[in-house]
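Below you'll find the structure, written out as structure tokens, and then a few comments.
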Amino acid sequence: MTGTAVITIAHGRHDHLALQRAGLRASTLPVTTHIVVAMDDPDLGAGVNCASTAQVVHVGRAGTALPLAMARNTGAAAAIAGGADLLIFLDVDCVPA
């Protein structure tokens with residue numbers, strides 16, 4: 001298999017995501033894939049907040065609520081389709097040390 005995938009779901013909070021991406025880049029344990037699921041956030045992944053190494057997947061809103069479970073499942077499916085054998089789910093405000 002190809003390795004580890006980190007999956008982050010986000011709506012707004014682009015500054016938090018940028019910090020998380022910086023933490024992942026600085027890690028001594030390489031992350032093969034970073035899947036960012038943008039929930040009703042078309043600006044996410046426009047170049048500023050996600051480096052080219054992140055795969056951004058977009059999901060729309062389900063009514064008035066953010067589709068948290070659908071976003072996690074969409075991220076997991078993208079990671080598995082890419083061959084990841086270990087999935088790590090990080091909230092957007094989690095910065096790995």
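Values reported hereafter were calculated over all heavy atoms of this structure, with side chains retained and with hydrogens, waters and symmetry mates removed. Note that the structure is predicted; figures quoted are calculated from it, not measured.
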| field | Shared hydrophobic cluster, I7 / V56 (ILVMFWY, side-chain heavy atoms < 4.5 Å) | value | no
| Between V31 and H34, what is the shortest heavy-atom contact and its length? | CG1-N, 4.5 Å
| said: With a 3.5 Å distance limit and no angle check, can you tell me whether D40 reaches the backbone of G60 through a side-chain donor-acceptor pair? | reply: no
| Polar contact flag, side-chain donor to acceptor under 3.5 angstrom, T33-Q55 | no
| request: Mind checking the CG-CG spacing from L24 to L29? Nearest 0.5 Å is all I need. | output: 11.0 Å
In a table with atom names and distances, give each donor-acceptor pair under 3.5 Å that connects a side chain of residues 86-95 to protein atoms at least two apart or in another chain.
from : atom 1 : to  : atom 2 : distance (Å)
D93  : OD2    : R13 : NH2    : 3.4

| task | Give the C-alpha distance, both sets of side-chain angles, the deciding distance and a yes or no for side chain to side chain donor-acceptor pair (under 3.5 Å) between D41 and H58. | result | CA-CA 8 Å; D41 189 348; H58 293 271; over 6 Å; no
| task | Answer yes or no: is there a side-chain heavy-atom contact under 4.5 Å between V37 and V59? | result | yes
| message | Nearest 0.5 Å, please: how far is CG in L66 from CE in M39? | response | 5.0 Å
Anything under 3.5 Å between a donor and an acceptor, one on a side chain of residues 68-80, the other on a protein residue two or more places apart or in another chain? List them.
from : atom 1 : to  : atom 2 : distance (Å)
N73  : ND2    : A69 : O      : 3.4
T74  : OG1    : M70 : O      : 2.8

| query | In the single-linkage hydrophobic clustering (I, L, V, M, F, W, Y; side-chain heavy atoms under 4.5 Å), do V57 and L44 co-cluster? | reply | no
| query | Is there side-chain contact between H16 and Q20, with at least one heavy-atom pair below 4.5 Å? | reply | no
